Protein chains: 2
Amino acid sequence: MATTNYSRQREAIVNYLRSTTCHPTADTIYENIKKTYPKISLGTVYRNLNLLTAQGVILRLSCDDNKDHYDATTEPHHHFFCRCCKEVSDLPVKPFEPATLLGEASFSGRIESCFTYFQGVCPDCMNEEETV
Amino acid sequence: MATTNYSRQREAIVNYLRSTTCHPTADTIYENIKKTYPKISLGTVYRNLNLLTAQGVILRLSCDDNKDHYDATTEPHHHFFCRCCKEVSDLPVKPFEPATLLGEASFSGRIESCFTYFQGVCPDCMNEEETV
DNA sequence: CTAAAATTAGGAATCATTACTATAATTAGA
DNA sequence: TCTAATTATAGTAATGATTCCTAATTTTAG
């Protein structure tokens, strides 16, 4: 079985994700890591994002823009997706337990995670609507 | 402003979506509509799915498989995504209102919709795990 | 220091989705 | 019903996100 070696590029990816409050896409992460490691390749970013997601170090978020977003905060929390600027942000609320959300439903599968997201227009984009 | 004309292909797409309990992808829809309209093109399927989504006739679901899934049931309900077979199913529970889920959080944007999904292993795939 | 194993850069390939265009279907009105 | 304008379609090319491949580099254990 393959073990996991250290890599500077992977460390930089995690550090970058932990340093930002938004939930960037692979391409945004790539552009930012390039400032420190100009020769990093996009394939490396994707491979490490997949690895870190599999390890549970980061979360992959599927939104409505057909691009994966990544989040270094792994404790359960809500997300808000703006349909104008396509950015994802956190909502500062402690979510309900999956069992509470499921209610009385009988489900014979295995539930491993549960994720609520809100969609609409973010404060910034609402301001732009008004001024136009 | 462009008006919308009737089209048999679009009607077939809606009928197919309403006839199935799973939430198929564009490609699956395409393969099924082809049984009735062998000459339908994939572009037509995508264009109509986008139109129907914009009209609110159907819902587009973003899951973890980088493919959009479509759902003809537009009343709020929960979804379950199986990480093994990548299928999406409905959970028969009446969801909480967005306001309840948001709790006491102050959010100055506009929330238009809210969507909870559960992830894990579906009953069928759990059976396969056991027998292997 | 060295050799084996893991990771990388770079680029090609894949897959879902969108864009383009000439032809066909739909619709409103005579 | 016939016709002309409009809208939708089929087929194909293009796009964009993600994955795959391989030789070269980095990491690691001894």
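Chain letters run A, B, ... following the sequence lines, proteins first and then strands; every chain starts at 1. Computed from a predicted structure; not experimentally measured.
Distance from the side chain of B/A26 is smallest to C/dT17 among C/dT17, D/dT6, D/dT19. Side-chain atoms of A/S41 lie closest to C/dA9 of the nucleotides C/dA9, D/dA8, C/dT17.
Residue A/Q9 places no side-chain N or O under 4.0 Å from the OP1 or OP2 atom of D/dT26. OP1 or OP2 of D/dT9 has not a single side-chain nitrogen or oxygen of B/K39 nearer than 4.0 Å. OP1 and OP2 of D/dA8 both lie 4.0 Å or more from every side-chain N or O belonging to B/R47. Distances shown here put a side-chain N or O of B/T44 below 4.0 Å from the OP1 or OP2 atom of D/dA10. The phosphate of C/dA25 has neither OP1 nor OP2 within less than 4.0 Å of any side-chain N or O from B/R8. Taking side-chain N and O atoms only, B/S7 has a distance below 4.0 Å to OP1 or OP2 of D/dT9. For C/dA16, the OP1/OP2 oxygens have a side-chain nitrogen or oxygen of B/K67 closer than 4.0 Å. The phosphate of D/dT19 has OP1 or OP2 within less than 4.0 Å of a side-chain N or O from A/N50. A sub-4.0 Å separation between OP1 or OP2 of D/dT7 and a side-chain N or O of B/T3 is present. Proximity of A/Y46 to the phosphate of D/dT18: a side-chain N or O atom is located under 4.0 Å from OP1 or OP2.
Of the inter-residue distances, the one linking A/L102 atom CG with B/F80 atom CZ reads 9.5 Å to the nearest 0.5 angstrom.
Residue A/T4 is classed as a sugar-phosphate contact, given heavy-atom separations below 4.0 Å to backbone atoms only. Looking at heavy-atom distances under 4.0 Å, B/I40 makes contact with sugar-phosphate atoms alone, never a base. A/D68 comes within 4.0 angstrom of the backbone, heavy atoms only, and of no base.
Protein atom CG of B/N48 is 9 Å distant from nucleotide atom C1' of D/dT9, rounded to whole Å. In this structure, A/D64 atom CG and C/dT18 atom P are separated by 11 Å, rounded to whole Å. Between the CG atom of A/D65 and the P atom of C/dT17 there is a distance of 13 Å, rounded to whole Å. Atom CZ of A/R10 and atom C1' of D/dT26 are 12 Å apart (whole Å). Atom CG of B/L42 and atom P of C/dT18 are 10 Å apart (whole Å). Regarding A/L49, its CG atom lies at a distance of 15 Å from the C1' atom of C/dT8, rounded to whole Å. In this structure, CD1 of A/I33 is placed 17 Å from P of C/dT7, rounded to the nearest angstrom. If you take CG of B/N66 and C1' of C/dC15, they are 10 Å apart, rounded to a whole angstrom.
For B/F107 and A/F118, the ring centers are positioned 6.0 Å apart or more.
In terms of position along DNA chain C, the nucleotide closest to A/P38 lies nearer the 5' end than the nucleotide closest to the other residue of the pair B/Y6 and A/P38.
Other residues, nucleotides and ligands contribute only 12 or fewer heavy atoms inside 6.0 Å of the CD atom of B/E97.
Between A/V45 and the choices A/I40, A/N50, A/T28, A/D27, the side chain to side chain contact (heavy atoms under 4.5 Å, CB included) rule is met once, by A/I40.
Heavy atoms only, all atoms of each residue included: A/L101 and B/V93 are closest at O-CG1, 4.1 Å.
Under the 3.5 Å distance criterion, with hydrogens and angles disregarded, a donor-acceptor pair is assigned to the side chains of B/H79 and B/D90.
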